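Here's the structure, in structure tokens; my notes come after.
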Amino acid sequence: MKKNISWIIEMIMLLSILLIVFSLLIVSKVDLDYFMLVVGVVYFLNIIISIWIFLTERNFESKISWLIFIIIFPIVGHICFIFFGRKEKTEFSRIEYEKQFKLYSNLSFHVENSNETNYFKNKMSSLTKRNWKNSNVKIYKHCFEAYESLFQDIKNAKEYIHIELYIIKLSEIYEELKLLLIQKINEGVEVRMIIDDFGKWSFSDDEISSMKREGIKIEIFNKINFPFINMKQSFRLHRKIFIIDGIIGYTGGMNISDEYSSFDKKYGYWVDINVKITGDTCNDFSQLFLFDWAQFKNEKLDTNKYITKQKNEATNSQSLFLEEGPNVSEYILEKSLINCISFSNKRIRIATPYFIPSKKIIEQFKFALLEGVDIEIFVPGLADKRYILEATRIYLNDLILSGAKVYELKNMFIHSKMGTFDDTYGYIGTINWDMRTFYSNYESLNFLSGDVIKEMNDIFDDYKKKSTLLLPILKKPGSIKNLFKKLLIKILSPLM
């Protein structure tokens, strides 16, 4: 009911602005005084919207982008802001979020903070309110290997399979997964999936209905309702998590589609990183799924059933699992990565498909470069979205001029989402280094330490062999077209 009222108000606001403006434009052709009245109305609207933007709680780059946009494109800018730019009220403060999140843990198996003497680990635990836990981490640097392992573990599932996905497409990979899930349901295994509405764009409602008829419990996240689109509907579920019986977890860059297995002609070999995690961290995976299912589906599942005691086994790493979304008022993910940069003294290595970060992150990288930290950033040489690749190069050029080394993988699209800091700590997850990740997406990642870091650095070394070092662009844009393109990228990049 509240959503319907909100949509009605938005439509009334939109139609009122259109009616006033077009009426004034028609009569302004007859009389100069009316033309000046149109200018006055537009100016007044600029003042109102500008004050509105200034008073909202949002990141600095987004405010500047919207202010410039409505100045350059009056009326159109006002309408776009009313539909897409209004800052939705967050559901939780960080304190309230942690209280709610803890309700979905099984206290019988709660792992307390170890007596860490490491400053970095203590700082990260304090900031994120998450514990470092012993884990076995298996890295897959080829998606087809990750699929093979995942599907085998699904075949061996005994009790339940929980999945959160951003993208799922009709494909060979999907057909294989669907058949496996149906087989497990027939064996009495419970299957639940949370799928992002935008990410299932190529899916028909009939296919979703078909999956539900087979017994797969599905929740579609944040359905896009045309034409009633607002800022909240731009929030997307970007997590990729697979949980088998609460004792095996997978995460990383892969969704369910053929390009991730390098079956797509456009992309050829798809470069990506995924991990299989066993040990205490799996309870964090399950806790997040239970929380999300309750928030999105409005159904509370039994934590005692779905968060299980982990096997006592030798582990090769420690992991701190962190989730974040726009439903929380504080941006802990961004702050955590800024901490990782600031704590680094020797070397930072990052692989990301997109690099359009906030000014705070750019400045922290520059501080690290001034302190002599060696920074290597690996990005695609093949674009999946041309305009985003161009935006990535513009932002990276600023760091190249400050001394960072940026490598483009030759004729390949790299979708890997990982990083290492001082060859001691690292992360693998679902994040990109862009403002959508930090402010608009539901994301997750694992901060890591231990033996896995050396393996990650070996992968970076392999990337370097397949890459071209980017040189700085020293010349200013020569044409009006290039200048306008750069200006447009800068304005729109906080919204990408």
Side-chain angles (χ1 to χ4, degrees), residues 59-62 64-69 71-73 76-77 80 84-85 166-167 198 234 236 238 253 259 264-272 350-363 365-366 369 375-417 419 431-441 463-464 466-496:
N59 61 301
F60 174 78
E61 287 86 350
S62 179
I64 294 298
S65 290
W66 278 114
L67 286 170
I68 294 175
F69 189 69
I71 290 171
I72 296 176
F73 305 105
V76 174
C80 288
F84 307 113
Y166 176 50
I167 293 174
F198 184 80
S234 72
R236 305 310 338 154
H238 197 245
E259 62 262 31
D264 191 280
K265 291 181 180 179
K266 176 182 176 181
Y267 297 107
Y269 174 60
W270 183 278
V271 183
D272 215 334
I350 290 167
T352 178
Y354 318 120
F355 189 84
I356 311 172
S358 64
K359 186 175 178 61
K360 289 181 285 187
I361 289 177
I362 291 288
E363 292 303 317
F365 273 124
K366 287 184 177 180
L369 289 166
I375 296 178
E376 298 178 348
I377 302 174
F378 296 82
V379 295
L382 175 68
D384 67 332
K385 304 175 186 69
R386 185 67 194 177
Y387 64 95
I388 292 184
L389 181 58
E390 290 193 20
T392 291
R393 287 171 175 169
I394 287 173
Y395 277 82
L396 284 171
N397 190 60
D398 197 19
L399 289 183
I400 294 172
L401 291 170
S402 298
K405 300 181 183 69
V406 175
Y407 297 91
E408 278 192 353
L409 270 72
K410 299 174 187 176
N411 301 317
M412 284 186 283
F413 180 69
I414 179 172
H415 196 249
S416 303
K417 304 159 192 301
I431 68 163
N432 303 314
W433 285 75
D434 62 11
M435 283 177 265
R436 283 206 57 81
T437 281
F438 300 126
Y439 307 129
S440 299
N441 285 347
Y463 286 171
K464 190 182 292 189
K466 301 172 182 176
S467 300
T468 301
L469 180 65
L470 289 186
L471 298 176
I473 302 172
L474 301 175
K475 294 182 180 180
K476 295 182 179 179
S479 66
I480 297 297
K481 179 182 176 182
N482 288 340
L483 184 63
F484 180 76
K485 182 170 67 174
K486 184 174 181 180
L487 175 63
L488 198 60
I489 285 173
K490 285 286 188 178
I491 292 173
L492 298 179
S493 58
L495 312 176
M496 290 181 180

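All values derive from a computational prediction rather than experimental measurement.
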Exercise for the section: Flag the pair Leu409 / Pro380 as yes when at least one side-chain heavy-atom distance between them is below 4.5 Å, and no otherwise. Expected result: no
Exercise for the section: Check side chain to side chain donor-acceptor pair (under 3.5 Å) between Asn411 and all other residues, then give those that pass, not counting sequence neighbours. Expected result: none
Handout entry: Partners meeting side chain to side chain donor-acceptor pair (under 3.5 Å) with Glu376 (sequence neighbours left out)
Key = Arg349, Lys464
Completion exercise
Closest non-hydrogen atoms of Ser467 and Lys410, given as atom of the first, atom of the second and distance, are O-CE, 3.6 Å
Exercise for the section: Output all residues satisfying ring-ring contact (aromatic ring centres under 6.0 Å, His included) with Phe378, sequence neighbours left out; order by chain, then residue number. Expected result: Tyr407, Phe460
Problem - Approximate separation, where rounding is to 0.5 Å, of Met435 CE and Tyr354 OH - result: 15.0 Å
Handout entry: Partner of Asn432 under side chain to side chain contact (heavy atoms under 4.5 Å, CB included), chosen from Thr437, Ile388, Ile356, Asn441
Key = Thr437
Completion exercise
Value for CZ (Arg236) from CD1 (Ile167), rounded to nearest 0.5 Å, stands at 11.5 Å
Practice task
Could you pull out all residues at least two apart from Arg393 that satisfy side-chain contact (heavy atoms from CB on, under 4.5 Å)?
Solution key: Arg386, Leu389, Glu408
Exercise for the section: Report the residues that fulfil side chain to side chain donor-acceptor pair (under 3.5 Å) with Asp272, sequence neighbours left out, ordered by chain and then residue number. Expected result: Trp270, His415
Exercise for the section: Can you sort out the partners of Trp433 under ring-ring contact (aromatic ring centres under 6.0 Å, His included), two or more places apart, ordered by chain and number? Expected result: Phe365
Practice task
Check side-chain contact (heavy atoms from CB on, under 4.5 Å) between Leu396 and all other residues, then give those that pass, not counting sequence neighbours.
Solution key: Phe355, Ile377, Val379, Thr392, Val406
Problem - Polar contact flag, side-chain donor to acceptor under 3.5 angstrom, Asp434-Tyr395 - result: no
Exercise for the section: Would you indicate whether Tyr269, at its atom OH, is surrounded by more than 12 heavy atoms from other residues, nucleotides or ligands within a distance under 6.0 Å? Expected result: yes
Problem - Residues that Lys466 engages under side-chain contact (heavy atoms from CB on, under 4.5 Å), provided they are two or more places apart - result: Met412, Asp462
Completion exercise
By side-chain contact (heavy atoms from CB on, under 4.5 Å), Ser402 pairs with (sequence neighbours left out) Lys366, Leu369
Completion exercise
In short, Leu399 meets Ile362 closest at the heavy-atom pair CD2-O, 4.0 Å
Handout entry: Pairing residues for Ser416 by the side chain to side chain donor-acceptor pair (under 3.5 Å) criterion, not counting sequence neighbours
Key = Tyr463
Practice task
Would you give the length of the straight line joining atom NZ of Lys266 to atom CG of Leu382, rounded to the nearest 0.5 angstrom?
Solution key: 7.5 Å
Problem - Nearest heavy atoms of Pro472 and Leu401, plus distance in Å - result: CB-CD2, 3.5 Å
